[in-house]
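To start, the structure under review is shown below, and the notes come after it.
Below, read A as the first sequence line, B as the second, and so on, with proteins coming before strands; counting in each chain starts at 1. The model shown is predicted, which means the values in this text are computed figures rather than measured ones.
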There are 2 protein chains.
Amino acid sequence: MARSTIADVAKLAGVSQATVSRALHGADNVTERTRQKVEQAADQLNFTLSKNASSLASGKTMRVILLSSGKLNDWFDANVLEGVYEVLDPEGYDVSPAVILGKEEADAYFAQLPKNRNADAIIVSSFQLDGTLQQQLKGIDMPSVGVNIPSASFCDASVEADNFGGMEKAVRLLKSLGHRSIAFAVDYIPTNMVYSTSQRTEAFLEAAEQNGYDEDHIDIVSAEPHERPLPLSELASQLVAQLLSSQRHPTAVCAETDAVAIALVKELRRQHLRVPEDVSVIGFDDANIAVAADLTTIHQDPVELGRMAAAKVLQLLGKPIPTDVHVGALHESLEPTIVLRETTGRSDS
Amino acid sequence: MARSTIADVAKLAGVSQATVSRALHGADNVTERTRQKVEQAADQLNFTLSKNASSLASGKTMRVILLSSGKLNDWFDANVLEGVYEVLDPEGYDVSPAVILGKEEADAYFAQLPKNRNADAIIVSSFQLDGTLQQQLKGIDMPSVGVNIPSASFCDASVEADNFGGMEKAVRLLKSLGHRSIAFAVDYIPTNMVYSTSQRTEAFLEAAEQNGYDEDHIDIVSAEPHERPLPLSELASQLVAQLLSSQRHPTAVCAETDAVAIALVKELRRQHLRVPEDVSVIGFDDANIAVAADLTTIHQDPVELGRMAAAKVLQLLGKPIPTDVHVGALHESLEPTIVLRETTGRSDS
DNA sequence: TTGTAGGCGTTATCAA
DNA sequence: TTGATAACGCCTACAA
């Protein structure tokens, strides 16, 4: 069955193509009677508008790109995608996910992007862009909104989970629990690409200082430099070794992510240290693995970040925004919360 | 900066539009020298082809729809998406995710689908389609491939994880461990939509029988009917109550999914039963929460399912298939494996 | 190997 | 409110 075109519908309904187009788009300047005729005809012919043809003619693609720095099955990225999809899909937008894993890929992608007007807007999730890329992003003619991007002022809008606020809460919790010496555990981060999570080390240091921890009571433990991702067990083993051999004897550790935290807990227990009795551990993210592992952690909500980002896209595109989506300033920050579970407790010492 | 068109490039390169098109598509019938000229010109003008215009002219959309029955942040669906993306993206295809959550949405979507030639192919993931929908899917002119769809013969191709084979392994494990009375735990499944996981109950029963368990040594515990998703703790509490009050005193339980299994483990421990000493628990899926919770489980690989599905799409589209992707028969089944962790052990009784 | 020209299915402008 | 008709940017016979 050959696809029918707007011309067929027009003929069947006895009107012009233009009218069909108007009717099917719910334009206001169409008689109710005409609209009905058209809709009937369209139904009969099993017709819907071709997105491609519409796009070509109108210049609107009805598509927005979601650029992720992680794979689509990463907890964070999958959740952002879900949020973005939730608000964009009902508005008739396709969301076109794209992933960019390293600096080279990013360069290649952005070099080709400005030329390519194949989307109405772009959402960039979770990585820092260097000066060149920022320029390129600015240079393209479509609105851009950043998600969890440090200093995202080069985007037209942005949302982020406040790493600093989150870390502050974690540190304050540890202080309340009586921990005198605390540590931060972090995987090695390749220098050629800065991710959102890399803010967290800085955030931890800042929070620790502000809460009265001095150099002699702070440890930063991190993995050896490595090219490809380390198995978590290997990572944890390196980190725990540093933790246990530190002269500062930390009794609590914040981890960069839940995954790192969980690996830490397992390795600590393997070394016959009790968590939380001997060592407290706090994660970051509150991914679904955190509840599975009963991990105390900092909760952020990437689905909501995605929703908000999508709302900003709509806003920048001059579209009405669904009432159930929050929308505030162009650049917004979400305050993480802390979730107490089983891996933190009072310090004995 | 106004977007430049193929005409601009043609002029600058001193060739015809047709040649530009050919050159940029890597057609073989273009002189190397010509190609270079064209590429240079394109570069200079910051030009790339417009996907929309190409699609319209060629009839190929270079887009494939991925239809999920779960949200995009569900473990299974996110992983399938990743797999699909991994193989389709390098081939120049966009993957356009769409989610359909209930029977009504499915009806609406499929009713509109046949009319809508906005993709080159469709991948349908993880739900059973009733007769009508099957007909509609058959009726459309684009290739369809199913992922984890029971009896997917109405798709042009399909891949699935073998629930029966997986369950068989789980049951055999329990038998080896000396468990005489075993149970299966399952959430209530709304009757208006059949998911892939609903095969698992059947699979369990079949496996149990074949391994010599009779009616007096098999329990199926399931939640009360409910409309909206139950909190897992609530679900677990219902299930554990049934488990512990059964006259058959099961010493091991297979769960429909990892999430159910983990909730079960927590609730059992809350009731002061030891896992695995008193009760063994096996999950299904080997999602990332399973390793976080040290859960013994049946491992399946949805990323690989996604990859294979995408490869089949390519195949159906008559495209060459990347060498690193497995491709076999049109309808294939993947055998799950069992992963031993900490929630299973010998039966004491 | 390259060029010419018609057409892909809509939208938008301008009249009517 | 509706109807002609010219774009939109590219592809693909077909011809050269």
Side-chain angles (χ1 to χ4, degrees), chain A residues 1-39 41-42 45-63 92 94 114-120 141, chain B residues 1-39 41-42 45-63 92 94 114-120 141:
Chain A
M1 48 175 180
R3 215 175 117 41
S4 42
T5 78
I6 202 172
D8 304 327
V9 180
K11 205 182 306 172
L12 207 170
V15 297
S16 72
Q17 297 188 20
T19 304
V20 174
S21 176
R22 285 189 279 255
L24 261 28
H25 279 291
D28 40 338
N29 52 350
V30 177
T31 322
E32 188 48 34
R33 234 176 62 74
T34 313
R35 185 196 310 294
Q36 301 219 338
K37 267 195 311 190
V38 171
E39 269 165 4
L45 294 175
N46 238 3
F47 169 87
T48 48
L49 294 168
S50 149
K51 241 181 172 158
N52 280 318
S54 298
S55 297
L56 182 56
S58 70
K60 274 100 181 56
T61 64
M62 295 307 282
R63 192 173 312 138
D94 278 356
K115 327 172 180 177
N116 216 339
R117 183 91 178 69
N118 284 326
D120 292 339
D141 53 349
Chain B
M1 51 177 178
R3 222 177 111 42
S4 41
T5 76
I6 202 171
D8 304 326
V9 180
K11 204 184 306 174
L12 207 171
V15 298
S16 71
Q17 294 190 19
T19 304
V20 174
S21 175
R22 285 187 280 252
L24 261 28
H25 279 291
D28 40 339
N29 51 349
V30 176
T31 321
E32 188 48 33
R33 232 176 63 75
T34 312
R35 183 194 312 292
Q36 300 219 340
K37 269 195 310 191
V38 170
E39 270 166 3
L45 294 176
N46 238 3
F47 170 87
T48 50
L49 295 167
S50 149
K51 245 183 171 159
N52 280 317
S54 299
S55 296
L56 183 55
S58 70
K60 273 101 182 55
T61 63
M62 295 307 281
R63 192 173 311 136
D94 279 356
K115 329 171 181 177
N116 215 340
R117 184 90 179 65
N118 284 326
D120 292 339
D141 54 350

D:dC11 phosphate, OP1 or OP2, under 4.0 Å from B:Ser21 side-chain N/O: yes
Whole-Å distance separating the CG atom of B:Leu49 from the C1' atom of D:dC8: 15 Å
Interatomic distance where NZ belongs to B:Lys37 and P belongs to C:dT1 [whole Å]: 14 Å
CZ-OG distance between B:Arg63 and B:Ser55, expressed to the nearest 0.5 angstrom: 6.0 Å
Rounded distance (Å) that lies between atom C1' of C:dT11 and atom NZ of A:Lys60: 12 Å
Any B:Gln17 side-chain heavy atom under 4.5 Å of B:Thr5 side chain: no
A:Asp28/A:Arg22 salt bridge by N-O under 4.0 Å criterion: no
Comparing B:Ala57 and B:Gly14 on DNA chain C - which has the more 5′ nearest nucleotide: B:Gly14
Selection from D:dC8, D:dC10, C:dT11 that lies nearest to any side-chain heavy atom of A:Leu56: D:dC8
Phosphate-side-chain proximity, B:Thr19 and C:dG3, N/O vs OP1/OP2 below 4.0 Å: yes
B:Arg22 or B:Ser54, whichever maps to the more 5' nucleotide of DNA chain D: B:Ser54
Out of D:dC11, D:dT2, C:dT4, whichever nucleotide has its closest atom nearest the side chain of B:Ser16: C:dT4
Atom-to-atom span, CD of A:Gln17 to C1' of C:dT13 - whole angstrom: 15 Å
Donor-acceptor contact present, side-chain A:Arg35 to main-chain A:Val20, <3.5 Å: no
Spacing of B:His25 atom NE2 relative to D:dA13 atom P, expressed in whole Å: 13 Å
Nearest-angstrom distance from the residue atom NZ of A:Lys11 to C1' of C:dT10: 17 Å
For atom CE of B:Met62 and atom C1' of D:dC11, their distance in whole Å: 14 Å
Sugar-phosphate, base or nothing in reach of B:Ser55, heavy atoms under 4.0 Å: nothing
Rounded distance (Å) that lies between atom P of C:dG9 and atom NZ of B:Lys51: 20 Å
A:Ser50 side-chain N/O to C:dC8 phosphate OP1/OP2 under 4.0 Å: no
Sugar-phosphate, base or nothing in reach of A:Val15, heavy atoms under 4.0 Å: sugar-phosphate
Which nucleotide in D:dC11, C:dG3, C:dT10 has an atom nearest any side-chain atom of A:Phe47: C:dT10
Any A:Ser58 side-chain N or O less than 4.0 Å from OP1/OP2 of C:dT11: no
Rounded distance (nearest 0.5 Å) linking atom CG of B:Leu24 with atom CD of B:Glu39: 6.5 Å
Side chain of A:Thr34 - closest among D:dC10, C:dT4, D:dT2: D:dT2
